[in-house]
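The figures that follow rest on heavy atoms only: side chains count, while hydrogens, waters and symmetry mates do not. Note on naming: letters A, B, ... go to the chains in the order of the sequence lines (proteins, then strands), and numbering restarts at 1 for each one. Because the structure is a prediction, the values reported are computed rather than measured.
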Amino acid sequence: EPTETNASFMARILGPSANKAGLQSTDKAMITRVIYEASKGTPFFENERRKDQALCGRIERLLEKRKQLEGRDLTHIRKLVDMDWRQLEAERDLSQTIVHVDMDAFYAAVEELDNPELKTKPMAVGVGAMDDGRKYGIRSAMPGYIAKKLCPELIILPLNGAKYKHGARAVVACALTCPSTPAYLNITNYMKETGMTAEQVTQQIRQEIRMLTNAYQTSGQSKHQICSDINKPNGQYMLANDRDTIMAFVRDMPIRRLNGIGRVTEQLLNALGVHTGNDMHEQRVILKLLLSPKSFEFISRAALGLGRTDLSIQYDRKSISVERTFRNMSDVQQQMDMLDKIATKLAANLERKEIKGATITLKLKRSDFTVLSRSRSLAQCIFTADDLYFYGKQLLVEEQPIDIRLMGLRLSSLQDMRSK
DNA sequence: GCGGATCAC
DNA sequence: AATGGTGATCCGC
């Protein structure tokens, strides 16, 4: 019975989009039940329960810490925080216009274009990477067999990496007209040069994506244009570059929608009575005392509606990794063979990217879903499959005996292949 | 530097 | 019977 568990655990099982979907409460109860019944007793489920208990412990300790602060005079802290926030306010930059391009259910959209009949049917792509079928309670990262229980007529298509790359390239090519990451485009200069409004520019971005994908169509690489329904929900929102508008926007924003606040942090903050941007304001003194400096800085910026306005900061890779999930494996020889495969794959990726690295990390997931990592920093950079295998093996031997369902190798402390 | 956790996509 | 892969960052030690 679900009653044996608490609310935060059910939220964990129900998944990240449970509250975003706008479901009826009766549907929600039914969906919860189906997911619970299908998961109950599995190692995955038990691991989720462990993780939830750890979270409850963290919350308890946090509340205990808060209790210690009761009755104290915190006016000094309040003054510090307010000074801090005035400083942040002074640095607010309203001069930039930035477009966030988000391809919702991208894989599914590509598949629908290849097969329009799918548009009227419940459909998902991949098992691990499933696009949301919200009204059925199906969510991202839900295993296929549970999704089928929620919606027996669901069509699950295998992942087709090559096919989606064409679509992705079109978006990237489009983004290259502005100097920034694919997801966020700074269109300030473009607007100045062309005299266009933000709405007109986003309209043009949509148009360009359509044209580029038509080019793929004529070259025979894709039968249909991609993202033709990008306007369908037309999820376009213009936030004016105006302090009052931004503050009002942030004020009622549920914290979970902030980039960087996930399931765990949401629960932690909710326990402290923080659900919206406005709550961050009201609780700022206690948050300053309870959270780490970095976390509080994040909260401060979010509460004031301060995003990043400089998108020119260049991206440099810090690590590169390969990991694989497989049937539970306890045989050492089999594990060594798997390590060999992963080392070979990683070496190939390193060669393609022309990088090498000096820190190797072995990641293992036990058959009970607990995860561990073991790493070693070397005096020199390595990059060959032989070296990756050699040092990976040393780390793997140390953990024997062990029954695992996942193995990964990561290389960090990276350098360009040519540098010494 | 290491290991565990969290997060995004 | 059955719950992904890649990369980043933060925290506490």
Exercise for review: For each nucleotide in nucleotides 8-13 of chain C, reading 5' to 3', give B when a protein heavy atom comes within less than 4.0 Å of its base, S when such contact involves only the sugar-phosphate, and - otherwise.
Suggested key: SSSS--
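Of the residues in residues 364-374 of chain A, A:Leu372, A:Ser373, A:Arg374 come within less than 4.0 Å of DNA chain B through at least one heavy atom, sorted by number.
Every residue two or more places apart in sequence or in another chain was checked for a salt bridge (Lys or Arg N to Asp or Glu O under 4.0 Å) with A:Arg324, and none qualifies. Applying the side chain to side chain donor-acceptor pair (under 3.5 Å) test to A:Glu48 and every residue at least two apart in sequence or in another chain returns A:Lys51. Contacts of A:Asp82 classified as side chain to side chain donor-acceptor pair (under 3.5 Å), with partners at least two apart in sequence or in another chain: A:Arg284. Listed by chain and number, the residues in a side chain to side chain contact (heavy atoms under 4.5 Å, CB included) with A:Arg301 are A:Leu88, A:Glu297, A:Leu306 (sequence neighbours excluded). The side chain to side chain donor-acceptor pair (under 3.5 Å) test applied to A:Gln380 returns no partner, not counting sequence neighbours. By the side chain to side chain donor-acceptor pair (under 3.5 Å) test, A:Asp84 pairs with no residue at all, sequence neighbours left out.
Within the structure, the salt bridge (Lys or Arg N to Asp or Glu O under 4.0 Å) test picks out no pair touching residues 328-351 of chain A (sequence neighbours left out). Under the salt bridge (Lys or Arg N to Asp or Glu O under 4.0 Å) criterion, no residue pair touches residues 376-397 of chain A, with sequence neighbours excluded. Counting only residues at least two apart or in different chains, ring pair (Phe, Tyr, Trp, His ring centres under 6.0 Å) contacts with residues 332-366 of chain A are absent.
Interface limits on DNA chain B: the 5'-most and 3'-most nucleotides within less than 4.0 Å of chain A heavy atoms are B:dG1 to B:dC9.
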